[in-house]
Amino acid sequence: MMKQYNVALVGTGAVGSTILEVLEERNFPVKSLKLLATSRSAGNKVKFKGQDYEIEETTPQAFAGVDVAFFAGGAASKLFAKDAVKQGAVVIDNSSAFRLDPEVPLVVPEVNPEDVKTHQGIIANPNCSTIQMVVALKPIYDAVGIERVIVSTYQAVSGAGQEAMDELLQQNRDLAENKEVTPKAFPYQIAYNLIPHIDIFMENGYTKEEMKMVNETKKMFHDEGLAISATTVRVPILRSHSEAITIETKRKLSAEEARQILGNAPGIVVVDDPAELKYPMPLFVSHKDEVFVGRIREDLAFANGISMFVVADQLRKGAATNAVQIGELLVDYGLL
Ligand code: 3JN
């Protein structure tokens, strides 16, 4: 029988509950499961494979006997990830706390699977917008090289958590009844609006979300010379992030060649038939694990350029699925 592992999950919000779904669907070899969260959620019950599990409060001692700990609890990573490692767990962390630490591999299995082998206890899961972009860039990077990338995002409210999803739904209901809305999860009303501001502003005029896309991508491609510029925008979509990406390639690539390369790449579904009105959209991509790519065309502003539209479920491939895939890599490589 396949070896099974003692698993802990820290955080039971939008990402944490999706990790449970994905662990169950993909039949991750779970021997035991420990659910950890803040005192606010402690005592609540959550179902996994038809069984009830009670959430316990995260403490530094909670990881004894744990083989692999998935962290999806935001602030919990900085507080408890190192304690988990000390007690022998391998940590797969969804937060940005360790992503740029040179000792911590940052991994998307379709892009740099081998990097997990260098881990010293913690493996970081990239930002959701970064993950879907690098899955789409990787096959083109390998085929012809990439000089620069310009990306604009259309990010669903799911990226800001369950409360933000509830807030968009509530604002739509309130506005339909001519009621006033008071924004909480975002600085402005998000219903019927766009907000070109995700995470905090940095000194260079970019937001931290934009700089995550820049720095995490360079790290995973092991290419500091890769030029990337991003504009990240929150849109009133419940789930799944979209990205308009323009790439300047080192060698010329036709749209048809790009379509073929992307179509043969792991984790990608090409949906690209304008004559039949086929292109990826967030409404139809939600709850799926692949990265959907369409609108593939030769760019008009670069001599060697490809533009495309890339959509993926931020809670699945952008967070939970990628984290569980990292867990599967550890199992495959015998690193757990
Ligand atoms: O807003 C989004 O669409 C993505 C949000 C990601 C996020 C939210 C809060 C904290 C992150 C992240 O994954 O980069 C973090 C963080 O850990 O910094």
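Remember, it's 1-based here, ligands and their atoms both numbered in the order they're listed.
Checked against a 6.0 Å centroid threshold, the rings of Y5 and F70 do not count as neighbours. Two rings, from Y141 and F221, have their centers less than 6.0 Å apart.
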Show me the donor-acceptor pairs, under 3.5 Å and distance only, between side chains in residues 12-20 and residues at least two apart or in other chains.
residue: S17; atom: OG; partner: G13; partner atom: O; Å: 2.7
residue: S17; atom: OG; partner: A14; partner atom: O; Å: 3.4
residue: T18; atom: OG1; partner: A14; partner atom: O; Å: 2.6

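Put simply, the side chain of Q171 never gets that close to the backbone of Q189: no donor and acceptor are under 3.5 Å apart.
Remark: H287 pairs with no residue by the ring pair (Phe, Tyr, Trp, His ring centres under 6.0 Å) rule, at least two apart or across chains. Residues forming a ring pair (Phe, Tyr, Trp, His ring centres under 6.0 Å) with F80 (at least two apart in sequence, or on another chain): none.
Protein residues having at least one heavy atom under 4.0 Å from any atom of ligand 1 are N94, S95, S96, R99, N127, C128, Q155, G159, I198, E209, K212, R234, H241, listed by chain and number.
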